[in-house]
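Here is the structure we will look at, set down as C-alpha cells.
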Amino acid sequence: QLQLVESGGGLVQPGGSLRLSCASSGFTLDYVAIGWFRQAPGKEREGVSCISSSGYGTSYAHSVKGRFTISRDIARNTVYLQMNSLKPEDTGVYYCAAESGPAFQAMCFLESLTYGHWGQGTQVTVSS
C-alpha cells in the first residue's frame, strides 16, 4: 500500500533553515511525481514545490524560488525539501503528495487536486 510520511518540521527563527523529508513506501520514486504543499491557519493549501517521476522536472512557487530546493534519493525512496532563509510567512503544515502516470514523467504540477496520495503533514513554524 502506498504510504507517505513527512518529517523534519519544527520551530525555527527567521532566516534559519530546515530540511523536510518525505519517506515513501509501497512504490518507488521512479514511477511517481512528488509534490510539497503547505497550509497556514485560515488559508487554502498551496503548492510549494514538486519533482517529476523522471527527476528532471521540478517546479517552485514564486514565493519560495531561490530559497527552497527539492531533491530525491532513489535508494532511500525519500524526497527532501531544503528550506533556507525561512520567513514567518512560510509557517504552516507541510504535506507531501504523490501521483503517477505519463503526465508526471517529465513534469509536475503544483495543483493539489492532481495528487491522489497524501501524507499526514509536518508542522513548520518560523518565529522569533
Side-chain angles (χ1 to χ4, degrees):
Q1 184 175 353
L2 192 152
Q3 189 173 9
L4 300 167
V5 179
E6 303 95 335
S7 62
L11 173 64
V12 64
Q13 292 186 342
S17 298
L18 283 174
R19 188 178 78 159
L20 305 183
S21 299
C22 173
S24 60
S25 61
F27 61 92
T28 62
L29 293 177
D30 306 74
Y31 294 98
V32 297
I34 298 290
W36 280 101
F37 296 81
R38 67 187 181 190
Q39 188 165 20
K43 294 187 177 181
E44 293 186 355
R45 189 171 297 185
E46 64 171 339
V48 175
S49 181
C50 62
I51 185 166
S52 68
S53 58
S54 70
Y56 294 113
T58 59
S59 184
Y60 296 90
H62 178 75
S63 60
V64 306
K65 198 170 292 185
R67 300 188 297 123
F68 291 12
T69 304
I70 192 169
S71 63
R72 68 182 191 176
D73 185 333
I74 296 293
R76 296 179 183 271
N77 230 25
T78 300
V79 173
Y80 303 99
L81 184 68
Q82 178 67 43
M83 307 187 297
N84 299 328
S85 302
L86 283 162
K87 304 175 181 180
E89 51 263 43
D90 294 318
T91 294
V93 179
Y94 283 69
Y95 302 89
C96 64
E99 193 52 76
S100 62
F104 293 88
Q105 183 175 14
M107 59 190 299
C108 59
F109 308 94
L110 294 179
E111 295 293 330
S112 60
L113 291 178
T114 61
Y115 294 84
H117 307 278
W118 290 81
Q120 293 301 306
T122 184
Q123 176 71 45
V124 172
T125 303
V126 184
S127 175
S128 55

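Reckoned from all heavy atoms, side chains included, excluding hydrogens, waters and symmetry mates. Note that this is a predicted model, so its numbers are computed, not measured.
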Is Ile51 reachable from Phe27 through a run of I, L, V, M, F, W or Y residues, each pair having side-chain heavy atoms under 4.5 Å apart? yes

Looking at Tyr80, I'd like to know if the NZ or CZ of Arg19 sits under 6.0 Å from its six-membered ring centre while staying within 45 degrees of the ring's axis. yes

For Glu44, I'd like to know if atom CD has over 12 heavy atoms of other residues, nucleotides or ligands within 6.0 Å. no

Between Thr114 and Phe104 the two heavy atoms that sit nearest each other are O-CZ, 3.6 Å

Phe109 backbone acceptor or donor facing Tyr115 side chain under 3.5 Å: yes

OG/Ser112 to CD/Gln39 distance, rounded to the nearest 0.5 angstrom? 9.0 Å

Who passes ring pair (Phe, Tyr, Trp, His ring centres under 6.0 Å) against Tyr95, sequence neighbours left out? none

Rest of the hydrophobic cluster containing Tyr56 (Ile/Leu/Val/Met/Phe/Trp/Tyr, side-chain heavy atoms under 4.5 Å)? none

Search all heavy atoms of Val48 against all heavy atoms of Val64 and return the closest pair with its distance. O-CG2, 3.6 Å

Using a 3.5 Å distance criterion without hydrogens, assess whether the side chain of Glu6 forms a donor-acceptor pair with backbone atoms of Gln120. yes

Ring centroid separation for Trp118 and Phe37, is it under 6.0 angstrom? yes

Within a radius of less than 6.0 Å around CD of Gln105, do more than 12 heavy atoms belonging to other residues, nucleotides or ligands occur? no

Given side-chain contact (heavy atoms from CB on, under 4.5 Å), test Met83 with Arg67 step by step and report yes or no. CA-CA 6 Å; Met83 307 187 297; Arg67 300 188 297 123; over 6 Å; no

Looking only at heavy atoms, what is the nearest atom pair of Cys108 and Gly57, with distance? SG-O, 4.0 Å

With distance as the sole test, does Glu99 use its side chain to make a donor-acceptor pair with the main-chain N or O of Gly116 at under 3.5 Å? yes

What is the minimum heavy-atom distance between Cys96 and Leu4, and which atoms define it? O-CD1, 3.7 Å

To the nearest 0.5 angstrom, please state how far the CG atom of Leu11 sits from the CD atom of Gln123. 9.5 Å

We want to know whether Ser54 and Ser52 form a side-chain donor-acceptor pair, criterion being a heavy-atom distance below 3.5 angstrom. yes

Provide the closest heavy-atom pair for Tyr60 versus Leu110 in the form atom of the first, atom of the second, distance. C-CD1, 3.8 Å

Arg72 (side chain) donor-acceptor with Asp30 (main chain) under 3.5 angstrom: no

Flag the pair Thr122 / Ser7 as yes when at least one side-chain heavy-atom distance between them is below 4.5 Å, and no otherwise. no

Got a second to check how far Ile70's CD1 is from Leu20's CG, nearest 0.5 Å? 10.5 Å

Backbone of Ser59 reached by a side-chain donor or acceptor of Ser49 within 3.5 Å: yes

Is the shortest heavy-atom distance from the side chain of Ser17 to the side chain of Gln82 under 4.5 Å? yes

Nearest heavy atoms of Asp73 and Leu29, plus distance in Å: O-CD1, 4.1 Å

